[in-house]
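This report concerns only the one structure given below.
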Amino acid sequence: MLQTRFAIAAAALLAFALPASAQFAPPPAKPIAPKATAPSPRAASCHNGASFDRFLADVKSQAVAAGVSQRTISEASPYLVYDQGIVNRDRGQRVFGQLFTEFAGRMAAPYRMQNGQQHIKHHAAAFARAEKEYGVPPAVIAAFWGLESDFGVNMGNLPTLKSLVSLAYDCRRSEMFVNETIAALKIIDRGDLTPDEMVGSWAGELGQTQFLPVHYVNYAVDYDGDGRRDLLRSEDDVIGSTANYIANGLKWRRGEPWLEEIKVPQNLPWDQTDLTVQQPRSKWAQLGVTYPDGRPLPNDNLAASVLLPMGRNGPAFMAYANFAAYTEWNNSLIYSTTAGYLATRIAGAAPMRKPAQPVAQLPFNELKQLQQLLVQVGFNVGKVDGVLGQQSRAAVKAMQIKYGLPADSWPTAELLARMRGGTAQAQPAGMVR
């Protein structure tokens with residue numbers, strides 16, 4: 001599956017934080033058939049200069065070849081129009097630049113934890129069935145449900161087909177969104193949703209846990225027995241489908257943990273604190289890692305990584321194999337860690353400890369400059385955007401090791417000063433991340 005799953009739509013979470021009273025979802029409004037806007041001149045550059053109409057005709061032909069009926073093509077056609085505004089939003093998106101404690105404090109707030117617990121009680125039969133069939137704990141499902149739409153309250157209000165086909169014509173991820181457009185037509189063709197019921201985020205995601213259409217086709221299940229897989233209105237379908245996707249799409253391991261808060265000693269080998277490094281819990285215990293209250297970790301061989309989303313002075317977690325499901329759902333470390341943490345809270349874990357002292361964060365412009373310096377010495381940090389993504393974290397760790405600094409992947413003013421000093425040398429090819 002695509003690792004970029006939900007990365008765009010999750011950024012929209014920054015725009016809402018609803019009160020505890022927002023518990024059950026109203027039905028989404030049906031849109032009027034959308035109006036078209038003209039594509040920018042560059043939009044056709046990856047389609048051999050083809051106009052949008054010519055491009056759309058080809059997409060429809062591909063859909064028919066994939067088994068979509070002409071009846072569905074006709075029904076959907078009024079919604080298959082181009083909107084440059086959708087493309088502008090996609091190109092202008094800014095993802096998680098907040099501190100983890102700020103983001104988690106808002107998105108994993110007590111009201112959302114309590115709301116998740118209430119939904120588990122209210123839909124106890126569906127959650128129990130999903131756990132039995134798929135092995136996914138109710139708290140894990142509820143956390144994604146709460147974060148993605150506040151349990152159906154905020155699913156978006158834009159015509160999905162318009163969003164998908166606009167992003168398909170754009171050159172940034174054309175192939176991906178052509179496939180998503182065809183998948184959306186398959187959803188209509190099999191009777192799950194009608195074109196006017198397809199309403200969601202500007203990024204083309206659907207339903208209360210914001211499935212891209214390909215995932216909707218592959219993992220949605222009819223849990224309420226009405227003959228449709230309706231992830232917009234049927235809570236039972238949402239629960240069963242989300243469990244199916246986590247279990248079979250994200251390869252959840254039945255009966256295993258996903259994330260636990262820990263306490264780390266000041267002399268921990270920081271270069272080992274990375275999701276790419278797994279050690280038995282017994283090894284971490286020997287290195288002085290404990291639970292937050294000082295209790296020892298189990299002396300067993302269960303593999304785990306030490307995760308420090310804000311470096312050695314911030315919160316610390318033990319991330320298990322199941323945490324990979326979170327980073328696959330959304331490859332933003334801040335989002336995935338927040339989702340895993342919220343699931344532990346819904347399951348009854350205590351709130352995470354606050355850092356003893358505020359953790360310093362480089363200002364946006366300085367972090368962007370650090371990324372530029374990392375690029376100059378041979379690292380691939382992805383987009384130089386002032387946001388600390390996984391590639392930037394890996395590059396920061398490599399340079400911390402080079403300079404003999406604590407290699408916790410957290411960018412500091414000291415590292416920036418060292419790199420500004422020009423003492424860094426170009427890295428050999430093997431060092432490029």
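Throughout, residue positions are numbered sequentially from 1 according to the sequence presented.
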Whether [X] side chain and [Y] backbone form a donor-acceptor pair below 3.5 Å:
X: Ser163; Y: Gly204; result: no
X: Tyr291; Y: Glu260; result: no
X: Asp83; Y: Ser166; result: no
X: Trp284; Y: Ala304; result: yes
X: Ser174; Y: Tyr169; result: no
X: Ser305; Y: Leu307; result: no
X: Arg172; Y: Val87; result: no
X: Gln208; Y: Ser234; result: no
X: Ser149; Y: Asn154; result: no
X: Asp192; Y: Arg229; result: yes

Is there a side-chain contact between [X] and [Y] (heavy atoms, below 4.5 Å)?
X: Lys368; Y: Asp385; result: no
X: Phe379; Y: Met399; result: yes
X: Pro351; Y: Arg345; result: yes
X: Asp274; Y: Val306; result: no
X: Ile239; Y: Asp237; result: no
X: Pro411; Y: Leu416; result: no
X: Ser241; Y: Tyr223; result: no
X: Ile246; Y: Val140; result: yes

Query - Ionic contact status for Arg129 with Glu133, cut-off 4.0 Å - result: yes
Requested in this report: Salt-bridge test for Arg173 and Glu180: reply yes if a basic N is under 4.0 Å from a carboxylate O, no otherwise.
Outcome: no
Closest non-hydrogen atom pair, [X] against [Y]:
X: Leu80; Y: Lys60; answer: CD1-CE, 4.0 Å
X: Ser336; Y: Asn330; answer: CB-O, 3.7 Å
X: Leu99; Y: Gln361; answer: CG-OE1, 3.4 Å
X: Gln400; Y: Trp410; answer: NE2-O, 3.0 Å
X: Leu259; Y: Gly340; answer: CD2-C, 3.7 Å
X: Asp408; Y: Trp270; answer: N-CB, 4.1 Å

[X] side chain to [Y] side chain, donor-acceptor N/O pair below 3.5 angstrom:
X: Thr209; Y: Thr242; result: yes
X: Asn179; Y: Glu175; result: no
X: Thr72; Y: Glu75; result: no
X: Asn365; Y: Gln369; result: no

Query raised in the report: When you look at Leu158 and Val199, which way does the side-chain contact (heavy atoms from CB on, under 4.5 Å) test go after all the steps?
Result: CA-CA 5 Å; Leu158 294 174; Val199 182; 5.8 Å; no
Requested in this report: Given salt bridge (charged side-chain N to carboxylate O under 4.0 Å, His left out), test Lys397 with Asp271 step by step and report yes or no.
Outcome: CA-CA 7 Å; Lys397 180 183 284 288; Asp271 61 331; over 6 Å; no
Relative to each other, are the rings of [X] and [Y] parallel, tilted or perpendicular (30° and 60° limits)?
X: His123; Y: Trp145; result: tilted
X: Phe103; Y: Tyr335; result: tilted
X: Tyr326; Y: Trp252; result: perpendicular

To the nearest 0.5 Å, tell me how far [X] [atom1] sits from [Y] [atom2].
X: Ser201; Y: Leu206; atom1: OG; atom2: CG; result: 8.0 Å
X: Gln117; Y: Met113; atom1: CD; atom2: CE; result: 5.0 Å
X: Thr181; Y: Leu164; atom1: OG1; atom2: CG; result: 4.5 Å
X: Lys383; Y: Gln371; atom1: NZ; atom2: CD; result: 10.5 Å
X: Thr160; Y: Trp202; atom1: OG1; atom2: CH2; result: 13.0 Å
X: Glu256; Y: Leu302; atom1: CD; atom2: CG; result: 6.0 Å

Query - Ring centre gap for Phe211 and Tyr219 strictly below 6.0 Å - result: no
Query raised in the report: What about the rings of Phe144 and Trp329, do their centers lie closer together than 6.0 Å?
Result: yes
Query raised in the report: Run the side-chain contact (heavy atoms from CB on, under 4.5 Å) check on Asp150 and Arg112 step by step: do they pass?
Result: CA-CA 8 Å; Asp150 249 329; Arg112 193 168 275 123; 2.7 Å; yes
Requested in this report: With salt bridge (charged side-chain N to carboxylate O under 4.0 Å, His left out) as the test, would you mind laying out the steps for Arg295 and Asp293 before giving the verdict?
Outcome: CA-CA 6 Å; Arg295 288 181 297 116; Asp293 59 5; 2.9 Å; yes
Requested in this report: Answer yes or no: does atom CZ of Arg254 have more than 12 heavy-atom neighbours from other residues, nucleotides or ligands under 6.0 Å?
Outcome: yes
Report task. Show your reasoning for whether side-chain contact (heavy atoms from CB on, under 4.5 Å) applies to Phe100 and Met310. Result -> CA-CA 7 Å; Phe100 165 69; Met310 293 166 57; 3.8 Å; yes
**Report entry** Verdict with reasoning, Gln272 to Leu268, per side-chain contact (heavy atoms from CB on, under 4.5 Å)
**Finding:** CA-CA 8 Å; Gln272 298 298 298; Leu268 195 66; over 6 Å; no
